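Structure first, commentary second.
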Amino acid sequence: MGAVTDDEVIRKRLLIDGDGAGDDRRINLLVKSFIKWCNSGSQEDGYSQYQRMLSSLSQCSFSMGKTLLVHDMNLREMENYEKIYSDIESSIAAAHEKIAECKKQILQAKRIRKNRQEYDALARVIQQHPDRHETLRQLEALDKELKQLSHTKDSVEDKLELRRKQFHVLLSTIHELQQTLENDEKLAEESQDSQMETNAQ
């Protein structure tokens with residue numbers, strides 16, 4: 001609640017004082033000029049006060065327009081940051097899904113490796129038996145299956161390596177986006193502080 005209250009105070013202050021360049025002082029001067037104009041004794045003094053009031057009104061109008069432009073720009077920046085944040089959230093969710101898929105592929109690769117070891121052991125046992133036609137046929141079938149399993153394992157490993165690289169690139173992109181957001185916020189704060197110091201002078 002305290003942060004919201006501070007924002008409201010700053011917003012009201014900006015509406016009253018423009019961008020901090022002393023609009024409240026200009027309004028006070030405008031009121032004083034109006035009083036002097038009402039109390040002016042000669043036409044020349046009245047005209048002079050009238051010109052000063054016009055000048056003050058012009059300055060106040062210009063400052064108000066500038067404040068509105070800054071306000072609109074800040075709104076657009078906030079929308080842009082919200083979109084970037086949403087994109088980052090979506091990227092993180094997609095990364096989690098890819099990690100889960102990679103884990104499944106790792107488990108599949110482990111199962112393939114275990115099956116291959118079992119088939120290798122079975123092949124060694126079969127080779128110890130006398131050479132028969134059926135045995136050879138079974139060995140050929142097992143060898144073919146082993147080749148298919150090996151190809152499947154290689155494909156899964158290639159896919160897993162690709163997913164790892166993609167995930168690394170995604171994390172790097174997320175880090176760069178976060179760094180960009182932090183730099184933009186710092187630049188905005190420094191620019192605002194610099195403008196306030198310049199106007200205060």
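These numbers were taken from a predicted model, which means no experiment stands behind them. Nothing fancy with the numbering, it's 1 onward along the sequence.
- Side-chain contact between Ser91 and Leu170 is present, with heavy atoms from C-beta onward closer than 4.5 Å.
- Residues Leu142 and Ile112 share a single hydrophobic cluster, defined by chaining ILVMFWY side chains whose heavy atoms lie under 4.5 Å apart.
- Between Arg124 and Asp120 there is no salt bridge, since no side-chain nitrogen of the basic residue lies less than 4.0 Å from a carboxylate oxygen of the acidic one.
- The distance from the CD atom of Gln179 to the CG atom of Asp184 is 10.0 Å, given to the nearest 0.5 Å.
- For the pair Arg76 and Asp72, the salt-bridge criterion is not met [side-chain N within less than 4.0 Å of a carboxylate O].
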Working for side chain to side chain contact (heavy atoms under 4.5 Å, CB included), residues Arg111 and Leu107: CA-CA 6 Å; Arg111 286 195 296 269; Leu107 292 175; 4.0 Å; yes

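- Inter-residue side-chain proximity for Ile84 and Thr180 is flagged as unmet; no heavy-atom pair is nearer than 4.5 Å.
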Verdict with reasoning, Leu177 to Leu181, per side chain to side chain contact (heavy atoms under 4.5 Å, CB included): CA-CA 6 Å; Leu177 285 173; Leu181 287 174; 5.6 Å; no

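- Under the 4.5 Å side-chain heavy-atom criterion for Ile, Leu, Val, Met, Phe, Trp and Tyr, Tyr81 and Tyr85 are members of distinct hydrophobic clusters.
- The CD atom of Glu140 sits 14.0 Å away from atom CD of Glu145, with the distance rounded to the nearest 0.5 Å.
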Worked check of side chain to side chain contact (heavy atoms under 4.5 Å, CB included) between Lys110 and Ile106: CA-CA 6 Å; Lys110 288 181 178 179; Ile106 290 174; 3.9 Å; yes

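- Ser150 contributes atom OG, which lies 10.0 Å from atom NZ of Lys147 (distance to the nearest 0.5 angstrom).
- Counting only distance, with no hydrogens or angles, the side chain of Thr152 and the backbone of Gln148 share a donor-acceptor pair below 3.5 Å.
- Side-chain N or O atoms of Ser172 include one that pairs as donor or acceptor with a backbone N or O of His168 at under 3.5 Å.
- When hydrophobic clusters are built by joining Ile, Leu, Val, Met, Phe, Trp and Tyr residues whose side-chain heavy atoms come closer than 4.5 Å, directly or via intermediates, Val156 is not grouped with Leu146.
- With values rounded to the nearest 0.5 angstrom, Asn183 atom CG is found 12.0 Å from Gln178 atom CD.
- How far OG1 of Thr173 is from CG of Asp87: 12.0 Å, rounded to the nearest 0.5 Å.
- Note on Leu171 and Ile99: same hydrophobic cluster, where clusters join Ile, Leu, Val, Met, Phe, Trp and Tyr whose side-chain heavy atoms are under 4.5 Å apart, directly or indirectly.
- With respect to the salt-bridge test (charged N to carboxylate O, under 4.0 angstrom), the residues Lys186 and Glu182 do not qualify.
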Full working for side chain to side chain contact (heavy atoms under 4.5 Å, CB included) between Arg164 and Cys102: CA-CA 8 Å; Arg164 286 176 180 168; Cys102 288; 5.7 Å; no

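- Put simply, the side chain of Lys104 does not reach to within 4.5 Å of the side chain of Gln108, judged on heavy atoms.
- Put simply, the side chain of Met64 does not reach to within 4.5 Å of the side chain of Thr67, judged on heavy atoms.
- Sparse packing is recorded around CZ of Arg116, with 12 or fewer heavy atoms of other residues, nucleotides or ligands lying under 6.0 Å away.
- Rounding to the nearest 0.5 Å places NZ of Lys103 at 12.0 Å from CG of Leu160.
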